[in-house]
Amino acid sequence: MLDHLIRRATVVDGTGGPAYTADVGIRGGRIAVIAEPGTVTEEAVTSEDADGLVLAPGFVDPHTHYDAQLFWDPYATPSMNHGVTTVAGGNCGFTLAPLHPDRPEDADYTRRMMSRVEGMALAALEEGVDWTWSTFREYLDALEGRIAVNAGFMVGHCALRRHVMGADAVGGQPTPAQLDAMLALFHDAMDAGAWGLSTTQSATHSDGDGEPVASRHALPEELLALSRAVGEHEGTQLEAIVAGCLDQFSDEEIDLLVDMTAAAGRPLNWNVLTIDAAVPERVPRQLIPSERARRAGGRIVALTMPILTPMNMSLGTFCALNLIPGWGEILALPVPERIERLRDPATRADMLRRADSKEAGVFRRLANFGRYVIGDTYSAANEGLSGRVVDDIAAERGQDAFHCLVEICAADDLRTVLWPMPTDNDPDSWALRQRTWEHEDVMLGGSDAGAHLDRMCGAPYTTRFLGDCLRGRKLLPLTTAVRMLTDDPARLFGLRERGRIEEGFHADLVLFDPERIDAGPATLVHDLPGDSPRLDSKAIGIVSVRVNGVETLRDDKVTGAVPGTVLRSGRDTRTVSTT
């Protein structure tokens with residue numbers, strides 16, 4: 001007997017092939033039968049009519065930071081609401097394990113680092129996670145049996161360094177004995193099912209003390225030793241972030257990424273490839289590592305988002321504005337002193353010069369302050385400004401845009417929420433994206449779901465992208481779009497029997513209405529531990545989500561079931577060839 005039968009669905013199976021109408025039966029967590037409508041004779045415990053609805057494989061998000069959130073939110077919201085059934089975590093060099101059992105202060109250091117670098121609320125990390133593990137295996141075991149999505153995790157380089165080197169991990173170099181210990185610790189994690197190594201060399205990644213995170217101090221020899229260790233385990237990967245990911249790689253960064261994937265003999269992915277027709281040289285430069293890697297026996301994949309993800313800003317709390325060269329020092333001052341400096345014309349002029357300089361890289365896009373939209377305000381002086389464009393307000397006041405913005409924020413003691421309008425929403429940029437998505441070493445993803453919680457909400461990229469393909473710009477056919485969200489990332493990670501609708505595959509499925517599929521606007525909610533805020537987005541048109549055959553969501557409401565699997569390398573992933 002079948003557990004469930006979905007009748008008359010329009011099946012988009014993830015391969016990119018033509019859609020077809022079929023009955024799909026599920027048994028024991030897998031797809032048991034795919035047949036012509038009305039021809040399944042086996043009885044089913046439950047069934048539903050999906051006439052007019054699309055049945056697709058569950059979406060695979062290749063870059064998330066749900067490492068902590070899954071402990072208080074096993075449903076990985078809002079990703080699961082938007083059809084995601086499998087998430088890759090442990091990215092950018094940051095994981096919650098391993099933790100040294102004799103140094104309880106390491107957990108506090110990790111919490112403060114994750115709060116600073118990944119925008120996770122410190123109160124949520126303190127109250128929502130029990131931090132009782134030491135080894136990576138214990139961390140994975142702590143999640144087993146209690147999550148609604150499938151989840152796999154890389155090992156964060158920063159945690160490895162901290163475990164072995166203690167405080168010397170920041171600023172120091174490992175002795176030969178320490179490097180051996182780091183490798184042994186890493187092999188233990190891989191034996192437990194970690195997906196591989198993640199690391200960062202990005203200049204934007206600092207710990208809770210404002211110091212460069214531990215992996216930024218690693219020399220190439222250390223990174224290559226860890227990369228070679230990745231290649232000793234089945235079904236493994238590399239994920240790396242360097243400073244040039246934000247704009248354009250240096251020659252040294254290209255050499256490093258190519259050497260790492262070649263040493264491991266495993267794919268390496270990085271994020272995020274920003275596509276903007278105003279910077280036509282960026283995409284060709286960022287794909288040079290992929291071209292060179294193939295010649296060297298490796299593979300480098302660039303993740304890129306298929307939507308423009310709104311990100312709010314503030315002069316009062318840490319955000320992307322702090323990452324503009326020269327801005328961090330000013331925006332770290334106590335609020336009264338910060339306001340005083342921001343009101344100084346010479347300071348503002350220097351900040352604008354730095355924001356529009358070549359060294360600002362991709363953050364130059366944030367420098368057009370006249371195009372910012374005012375979000376939430378908190379003072380009587382700012383009443384009626386929410387939703388208005390700074391340029392219009394500045395014209396009324398006879399001020400330049402940045403001066404106007406500063407005065408608005410100062411009236412709110414810098415609490416004002418700011419929404420920069422995208423500068424790359426033009427037809428040429430979308431045409432360039434369409435061409436770039438066709439590249440064999442470019443993959444959709446980079447949501448950062450689970451991170452930067454009160455600043456951005458990248459999780460809805462799946463539904464918003466599909467809605468755009470069906471009813472918006474229509475840059476891709478639905479079958480191609482679904483393949484890019486399902487089979488492509490599943491094949492990159494070597495997921496066994498996932499990513500397609502095929503008999504014998506795990507029944508990770510999303511059923512949606514093609515006439516309505518979309519994502520609602522990002523709204524601020526206070527539903528994290530400690531009443532901490534985050535941005536959320538409602539899924540539109542998602543009828544049902546199933547993970548391993550069990551329904552986890554119906555009409556944007558979680559069912560309470562937790563059928564997800566902690567996906568472990570080797571058992572749940574196979575080695576992906578780089579040749």
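The figures that follow rest on heavy atoms only: side chains count, while hydrogens, waters and symmetry mates do not.
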Under the salt bridge (Lys or Arg N to Asp or Glu O under 4.0 Å) rule, what do Asp424 and Arg365 come out as? Steps first, then yes or no, please.
CA-CA 9 Å; Asp424 52 354; Arg365 297 190 305 162; 2.8 Å; yes

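- Using modelled atom types, one side-chain atom of Asn548 and one backbone atom of Pro563 make a donor-acceptor pair closer than 3.5 Å.
- Without hydrogens or angle criteria, Trp195 side chain to Leu567 main chain gives a donor-acceptor distance under 3.5 Å.
- A donor-acceptor pair under 3.5 Å is formed between the side chain of Thr236 and the backbone N or O of Val230.
- Among the candidates Arg546, Arg30, Arg500, the single residue satisfying the side-chain hydrogen bond (donor to acceptor under 3.5 Å, both in side chains) test with His506 is Arg30.
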Test side chain to side chain contact (heavy atoms under 4.5 Å, CB included) on Ile275 and Val283 and set out the steps.
CA-CA 7 Å; Ile275 302 172; Val283 169; 4.1 Å; yes

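- Panel note: side chain Gln434, backbone Leu475; a donor-acceptor pair is recorded below 3.5 Å.
- The aromatic rings of Phe136 and Tyr139 are tilted relative to each other, their planes meeting at an angle between 30° and 60°.
- Closest approach of Pro267 and Leu492 over heavy atoms only: CB-CD1, 3.8 Å.
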Worked verdict on Leu485 versus Leu466 for side chain to side chain contact (heavy atoms under 4.5 Å, CB included)
CA-CA 10 Å; Leu485 297 175; Leu466 291 178; 3.9 Å; yes

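- With sequence neighbours excluded, no residue forms a salt bridge (charged side-chain N to carboxylate O under 4.0 Å, His left out) with Arg266.
- Side chain to side chain, His82 and Thr463 meet the donor-acceptor criterion of an N or O pair below 3.5 Å.
- Atoms CG and CG, on Asp276 and Asp426 in that order, are 7.0 Å from each other to the nearest 0.5 Å.
- Gly235 approaches Thr575 most closely through the heavy-atom pair N-OG1, 2.9 Å.
- Salt bridge annotation for Asp487-Arg483: absent, with no cationic side-chain nitrogen under 4.0 angstrom from a carboxylate oxygen.
- Annotation: salt bridge (charged side-chain N to carboxylate O under 4.0 Å, His left out) contacts of Asp23 (sequence neighbours excluded): none.
- Nearest heavy-atom pair across Thr479 and Ala19 is CG2-N, 4.0 Å.
- Considering CZ of Phe465 and CG of Leu476, their distance stands at 4.5 Å, rounded to 0.5 Å.
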Residues 509-520, side-chain donor-acceptor partners within the protein, below 3.5 Å, at least two apart:
from, atom 1, to, atom 2, distance (Å)
Asp513, OD1, Glu515, N, 2.9
Asp513, OD2, Arg516, NE, 3.1

Go through it in stages, so that I can follow the logic: the residues are His4 and Glu48, the test is side chain to side chain contact (heavy atoms under 4.5 Å, CB included), and I'd like the CA-CA distance, side-chain angles, deciding distance and then a yes or no.
CA-CA 8 Å; His4 187 67; Glu48 64 183 306; 2.9 Å; yes

Begin with the C-alpha distance, continue with both residues' side-chain angles, and end with the deciding distance and a verdict on side chain to side chain contact (heavy atoms under 4.5 Å, CB included) for Phe59 and Leu444.
CA-CA 11 Å; Phe59 308 138; Leu444 301 189; over 6 Å; no

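- Here the shortest heavy-atom pairing between Thr95 and Ala159 reads OG1-CB, 3.7 Å.
- The salt bridge (charged side-chain N to carboxylate O under 4.0 Å, His left out) check on Asp441 picks up Arg294, Arg299, with sequence neighbours excluded.
- For the pair Ala561 and Ala148, the tightest heavy-atom approach, listed with the atom from each and the gap, is O-CB, 3.5 Å.
- Heavy atoms only, all atoms of each residue included: Ile6 and Ala50 are closest at CG2-CB, 3.7 Å.
- Asp508 contributes atom CG, which lies 10.5 Å from atom CD1 of Ile501 (distance to the nearest 0.5 angstrom).
- For Thr199, the side chain to side chain contact (heavy atoms under 4.5 Å, CB included) criterion is met by His157, Ser215, Leu223, Ala240, Met260, not counting sequence neighbours.
- Judged purely by distance below 3.5 Å, without hydrogens or angles, the side chains of Thr77 and Arg534 pair a donor atom with an acceptor atom.
- Counting only distance, with no hydrogens or angles, the side chain of Thr579 and the backbone of Gly297 share no donor-acceptor pair below 3.5 Å.
- Using a 4.5 Å heavy-atom cutoff, the side chains of Phe153 and Leu140 are in contact.
- Taking 4.5 Å as the limit, some side-chain heavy atom of Asn91 sits within range of a side-chain heavy atom of His65.
- For Tyr66, the side-chain hydrogen bond (donor to acceptor under 3.5 Å, both in side chains) criterion is met by Ser79, not counting sequence neighbours.
- With rounding to the nearest 0.5 angstrom, the OG atom of Ser290 is 9.0 Å from the CG atom of Leu268.
- Remark: Ser447 pairs with Asp61, Thr64, Met305, Ala449, Tyr461 by the side chain to side chain contact (heavy atoms under 4.5 Å, CB included) rule, at least two apart or across chains.
- Relative orientation of the His187 and His233 rings is tilted, given thresholds of 30° and 60° on the angle between their planes.
- Residues that satisfy the side-chain hydrogen bond (donor to acceptor under 3.5 Å, both in side chains) test with Thr85, not counting sequence neighbours, are absent from this structure.
- Residues that satisfy the side chain to side chain contact (heavy atoms under 4.5 Å, CB included) test with Ala320, not counting sequence neighbours, are Met311, Met313, Phe363, Leu366.
- Every residue meeting the side-chain hydrogen bond (donor to acceptor under 3.5 Å, both in side chains) condition with Ser544, not counting sequence neighbours, appears here in chain and number order: Glu551.
- A donor-acceptor pair under 3.5 Å links the side-chain atoms of Thr573 to the main chain of Gly570, judged by distance alone.
- In this structure, Glu36 places its CD atom where only 12 or fewer heavy-atom neighbours from other residues, nucleotides or ligands lie under 6.0 Å away.
- Checked by atom type and distance alone, the side chain of Trp437 never pairs as donor or acceptor with a backbone atom of Pro306 at under 3.5 Å.
- Salt-bridge annotation for Asp428 and Arg435: absent, with no side-chain N of the basic residue lying under 4.0 Å from a carboxylate O of the acidic one.
- Not a single donor-acceptor pair under 3.5 Å links the side chain of Glu138 to the backbone N or O of Pro98.
- Looking at Asp572, its side chain does come within 3.5 Å of a backbone N or O of Arg568 through a donor-acceptor pair.
- Under the rule for a salt bridge (charged side-chain N to carboxylate O under 4.0 Å, His left out), the partners of Arg496 that lie at least two apart in sequence or sit in another chain are Glu234.
- Expressed to the nearest 0.5 Å, how far CE of Met456 lies from OG of Ser537 amounts to 12.0 Å.
- Here CZ of Arg433 is found 10.0 Å from CG of Leu273. Values are rounded to the nearest 0.5 Å.
- A donor-acceptor contact shorter than 3.5 Å is absent between the side chain of Thr480 and the backbone of Gly16.
- A salt bridge is absent between Arg137 and Glu144; no separation between the charged side-chain nitrogens and carboxylate oxygens falls under 4.0 Å.
- In terms of the side chain to side chain contact (heavy atoms under 4.5 Å, CB included) criterion, residue partners of Asp247 (sequence neighbours excluded) are, by chain and number, Arg282, Arg364.
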